[in-house]
Amino acid sequence: MKARERLVLAEHAHHLLRLARAGERVFREHTDYVHGARLLLELAAEHGIAIHAWCLLPDRLHVLATPPARARDLSVFMKALSCRLALRHRERYRAPSPWRRRYHASPVEPGQWVLATMCFIERLPIDHGLAVAAYHYPHSSYRTRLGKTDHYTLHDPPEYGRLGDTIEERAAAYRRYLKEGQDHREARAIATAVRRNRLTGSPRFVKEVYLRYGVLYINRGPGRPRKRRRLTPRHGNPG
């Protein structure tokens, strides 16, 4: 994969994926996960990256984040995070970097697709058989989203903020959303988009990006995520 195949858009949410090489594990022990989560949040603050959701799995990490006005800051953040985690891996386990050569990035269409991608990321422990419920997995942003940690370290996107007036109201609406599960076509579209460095969103979003930036990044999949009746925002439709 060539770096130029990755599209990064300023002030858009991006689904970021960093994979280990086949058979490698980045996070082997509990302390690896704790260090990884702390490092992710510290570097995001240092580079001005807004973190909306994240999940650390044994051989990969997923992040939903928005860069500031300079889109390149997202790549600088991912490079710093990957290098620091690889350094710890080498020092702790006397092993070379576990990462594949490059990370993956998928700009996400504002609106319902942002919520769908948040749900996709925080459901990963369930889908990978690591937990029976998202709440039971400590190495993701889900517990923070529910207000169950000492500090609220997430930057809620506007789509999430419209779910309620307080952290508790937003968490209750989002908890129902995640509990209902995700349509398999929707999940497949999100997974395919990030693996191929394509856009996550509708054909309309693809057209808008093409008209503005002159590039065509098509991801074949459903037109938009399905909406749950109980997730209708209090202050209007985010989609």
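Side chains included, hydrogens not; waters and symmetry mates left out as well; all remaining heavy atoms used.
- Residues F120 and H15 bring their aromatic ring centres within 6.0 Å.
- To the nearest 0.5 Å, atom CG of residue D165 and atom CZ of residue R170 are 8.0 Å apart.
- The backbone N or O of C119 sits nowhere less than 3.5 Å from a side-chain atom of Q182 that would complete a donor-acceptor pair.
- Contact of the L43 side chain with the R84 side chain is registered, since non-hydrogen atoms from C-beta on lie closer than 4.5 Å.
- No side-chain heavy atom of T117 sits under 4.5 Å from any side-chain heavy atom of V194.
- Applying the salt bridge (charged side-chain N to carboxylate O under 4.0 Å, His left out) rule to pairs touching residues 128-145 yields E122-R145, R145-D156, sequence neighbours excluded.
- The shortest side-chain heavy-atom distance between E42 and R38 falls under the 4.5 Å cut-off.
- Transitive grouping of hydrophobic side chains (ILVMFWY, heavy atoms separated by less than 4.5 Å) brings I49 and L40 into a common cluster.
- The closest donor-acceptor contact from the side chain of S97 to the backbone of A86 lies at 3.5 Å or more, if one exists at all.
- A 4.5 Å side-chain heavy-atom check between I190 and W113 finds at least one atom pair inside the cut-off.
- Clustering ILVMFWY residues whenever any of their side-chain heavy atoms sit less than 4.5 angstrom apart, transitively, puts V76 in a cluster other than the one holding V63.
- The heavy-atom pair separating A105 from N197 by the smallest distance is N-OD1, 2.8 Å.
- With H14 contributing its side chain and H12 its backbone, the two residues share a donor-acceptor pair below 3.5 Å.
- For the pair R28 and Y33, the cation-pi test (distance below 6.0 Å, angle within 45°) is failed.
- In this structure V114 satisfies the side-chain contact (heavy atoms from CB on, under 4.5 Å) test together with A13, L64, V108, M118, P157, E159, sequence neighbours excluded.
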Query raised in the report: side chain to side chain donor-acceptor pair (under 3.5 Å) between E109 and S202: does it pass, once the steps are laid out?
Result: CA-CA 7 Å; E109 180 177 9; S202 66; 3.0 Å; yes
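- Residue pairs meeting the salt bridge (charged side-chain N to carboxylate O under 4.0 Å, His left out) criterion with at least one partner in residues 43-52, sequence neighbours excluded, do not occur; the list is empty.
- Cluster partners of L87: none. The rule joins Ile, Leu, Val, Met, Phe, Trp and Tyr whenever side-chain heavy atoms lie under 4.5 Å apart, and it links nothing here.
- In this structure, the salt bridge (charged side-chain N to carboxylate O under 4.0 Å, His left out) partners of R88, at least two apart in sequence or on a different chain, are D32.
- Applying the salt bridge (charged side-chain N to carboxylate O under 4.0 Å, His left out) test to residues at least two apart or on different chains, the pairs with a partner in residues 50-71 are R70-D73.
- Under the salt bridge (charged side-chain N to carboxylate O under 4.0 Å, His left out) criterion, the residue pairs touching residues 8-22 are R21-E24, with sequence neighbours excluded.
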**Report entry** Test side chain to side chain contact (heavy atoms under 4.5 Å, CB included) applied to Y210 and L199, step by step
**Finding:** CA-CA 11 Å; Y210 174 72; L199 299 170; over 6 Å; no
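- Grouping the Ile, Leu, Val, Met, Phe, Trp and Tyr side chains by contacts below 4.5 angstrom, directly or via other members, places L146 with Y152.
- For the atom pair CG of L39 and CG of L85, the computed distance is 5.5 Å after rounding to the nearest 0.5 Å.
- Taking CG of L81 as the reference point, atom CG of L61 lies at 6.0 Å (rounded to 0.5 Å).
- Every residue meeting the side chain to side chain donor-acceptor pair (under 3.5 Å) condition with E29, not counting sequence neighbours, appears here in chain and number order: R92.
- Using a 4.5 Å heavy-atom cutoff, the side chains of R6 and R102 are in contact.
- Listed here is the closest heavy atom pair of T200 and S106: OG1-OG, 2.6 Å.
- Contact annotation: the side chain of P58 never approaches that of F27 to less than 4.5 Å [non-hydrogen atoms, C-beta and beyond].
- Under the side chain to side chain donor-acceptor pair (under 3.5 Å) criterion, T144 pairs with T149, sequence neighbours left out.
- Looking at heavy atoms from C-beta onward, Y93 lies out of side-chain contact with P98 at the 4.5 angstrom threshold.
- Looking at every heavy atom in both residues, A37 comes nearest to W54 through CB-CH2, 3.6 Å.
- Checked by atom type and distance alone, the side chain of H62 never pairs as donor or acceptor with a backbone atom of C55 at under 3.5 Å.
- For H52, the side chain to side chain donor-acceptor pair (under 3.5 Å) criterion is met by T66, not counting sequence neighbours.
- Shortest non-hydrogen contact noted between P107 and F205 is O-CE2, 3.8 Å.
- Legend: residues meeting side chain to side chain donor-acceptor pair (under 3.5 Å) with R100, ordered by chain and number and at least two apart, are absent.
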Query - Check against side chain to side chain contact (heavy atoms under 4.5 Å, CB included), M78 and L16 - result: CA-CA 9 Å; M78 284 298 290; L16 308 171; 3.7 Å; yes
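- At a threshold of 4.5 Å between side-chain heavy atoms, the hydrophobic network of Ile, Leu, Val, Met, Phe, Trp and Tyr places L7 and L17 in two separate groups.
- Separating the OG1 atom in T166 from the CG atom in L163 is a distance of 11.0 Å, to the nearest 0.5 Å.
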Table please: side-chain donor-acceptor pairs of residues 124-140 below 3.5 Å, with sequence neighbours left out.
residue	atom	partner	partner atom	Å
Y137	OH	L56	O	2.6
S140	OG	Y142	N	3.2

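- Rounding to the nearest 0.5 angstrom, the gap separating the CG atom in L41 from the NE2 atom in H151 is 11.5 Å.
- Both L178 and L154 are assigned to one and the same hydrophobic cluster, defined by single-linkage of ILVMFWY side chains at heavy-atom distances under 4.5 Å.
- Atoms CG and OH, from L19 and Y103 in turn, are 13.5 Å apart once rounded to the nearest 0.5 Å.
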Query raised in the report: So H35 and T31, side chain to side chain contact (heavy atoms under 4.5 Å, CB included) or not? Walk me through it.
Result: CA-CA 6 Å; H35 175 266; T31 54; over 6 Å; no
